[in-house]
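Working notes for the structure below.
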Protein chains: 2
Amino acid sequence: MDQIQIFTDYLRQQGLKNTSQRMVILEVFLNSNLHYSTEELYLKLRKSHPRIGYATVHRTLKLLAECGLASELNFGDGQTRYEPCRGGQHHDHLVCTRCGKIIEFVEPRIEKLQEEVAERYGFKIMSHRHELYGLCSDCSVASES
Amino acid sequence: MDQIQIFTDYLRQQGLKNTSQRMVILEVFLNSNLHYSTEELYLKLRKSHPRIGYATVHRTLKLLAECGLASELNFGDGQTRYEPCRGGQHHDHLVCTRCGKIIEFVEPRIEKLQEEVAERYGFKIMSHRHELYGLCSDCSVASES
DNA sequence: TAAGAAAATGAAAATTACTTTCAGAAAAGT
DNA sequence: ACTTTTCTGAAAGTAATTTTCATTTTCTTA
Ligand SMILES: [Mn+2]
Ligand SMILES: [Mn+2]
Ligand SMILES: [Zn+2]
Ligand SMILES: [Zn+2]
């Protein structure tokens, strides 16, 4: 089942309506590989769809997160970001604090160990965040003075 | 060297002044094992020291983070929290999304693997966040209906 | 297809956490 | 004690997010 179907099904099931704005926002969001903040996505959308308001973008991103099509990220810059969940492999992030670059990583051994930690405390993990902050390779070189 | 000494040394070194408010805030902060938000610490302090303002608490917590006596935490509830750094072992957190309980965990194997991940990308880690969200053992039991 | 009921939209206002401003108070060097 | 510098607390300002509300749109039901 594709993502548009997932979204329309979710809307129906919740008694919500399928609007053109919601479809446009979903489409633009899915066709990106970025980690958009609400503001950034709003600005991008405004170029092709100038009538869409900031509040609608915000509300739609929240809906997408609710139905599992987006995940909320927070890299400590004071803005919530969203990325498409493509149902693929889970990943975590390396965040360059100098240039802002975001690198995605997959490390099943860490995922496994964190489950082990949870068990140790009888804790049931629903979600997690694992972010490594520092300098990307470009920025490490650039900062050697 | 104790923490009060570290703080007073830091103040002097930065040309800042040693005030009674700063000392009181440091003391109350250190004598807690909680993960306080600025608001929470301000409210606690207000009971014994009603003249201390919110802004001073905020500025002092920032100072403590600067000099390494506190670390800033962010559990996605929109408030920055602070915990004392007791110079001991680094730890990460399990956060119960139902009752708010925070459990600290230490897992050197994860720390090691994340260094390995960083190397893979030529990335230099300066800090990291690793938080597991879900239900603590009490709340898992309570939510079985 | 035409209501009618329900929900969505966009602009503006409100909220929230945080940060800054500023005038008077306190600290520290001389 | 004097003088300079920093601090303090209240209030104002910011910035991201959330809510409000009048109007428009969707969607079910005749
Ligand atoms: Mn990502
Ligand atoms: Mn802790
Ligand atoms: Zn970089
Ligand atoms: Zn709990």
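Order of the sequence lines sets the chain letters (A, B, ...), proteins ahead of strands, with each chain counted from 1. What you see is a predicted model; the values in this text were computed from it and never measured.
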Does any pair with a residue in residues 115-127 of chain A pass side chain to side chain donor-acceptor pair (under 3.5 Å), and if so which ones, sequence neighbours excluded?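 Qualifying pairs, neighbours excluded: A:E116-B:R109, A:R120-B:E107.
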How are the rings of B:H130 and A:H130 set to each other: parallel, tilted or perpendicular (split at 30° and 60°)?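 Correct class here is parallel.
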Can you confirm whether the side chains of A:Q5 and A:D9 place a donor and an acceptor under 3.5 Å from each other?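 Note: A:Q5 and A:D9 side chains meet the donor-acceptor criterion.
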For residues A:E66 and A:Y10, is any side-chain donor paired with an opposing acceptor at under 3.5 Å?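 Yes - a donor-acceptor pair under 3.5 Å links their side chains.
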Summary of protein contacts for nucleotides 9-17 of chain D, nucleotide by nucleotide, where a base hit scores B, a sugar-phosphate-only hit scores S (4.0 Å, heavy atoms): BB-----SB
Atom-pair distance ([atom1] on [X]; [atom2] on [N]), nearest Å:
{"X": "A:L16", "N": "D:dT28", "atom1": "CG", "atom2": "P", "result": "13 Å"}
{"X": "B:M23", "N": "D:dC7", "atom1": "CE", "atom2": "P", "result": "12 Å"}
{"X": "B:K17", "N": "D:dT6", "atom1": "NZ", "atom2": "P", "result": "7 Å"}

Could you pull out all residues at least two apart from A:H49 that satisfy ring-ring contact (aromatic ring centres under 6.0 Å, His included)?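 If we apply the ring-ring contact (aromatic ring centres under 6.0 Å, His included) test to A:H49, skipping adjacent residues, there are no hits.
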Contacts of type ring-ring contact (aromatic ring centres under 6.0 Å, His included), residue B:H91, not counting sequence neighbours: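 With neighbours one apart ignored, the set is B:H93.
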Kindly write out the residues that satisfy side-chain contact (heavy atoms from CB on, under 4.5 Å) with B:K112, not counting sequence neighbours, or none if the list is empty.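 By the side-chain contact (heavy atoms from CB on, under 4.5 Å) rule, B:K112 matches no residue at all.
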Chain A on DNA chain C: first and last contacting nucleotide, 5' to 3', under 4.0 Å to a heavy atom?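 Contacts span C:dA6 to C:dA11, reading 5' to 3'.
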B:E27 atom CD: more than 12 heavy-atom contacts under 6.0 Å: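 It does not: B:E27 CD has 12 such atoms or fewer within range.
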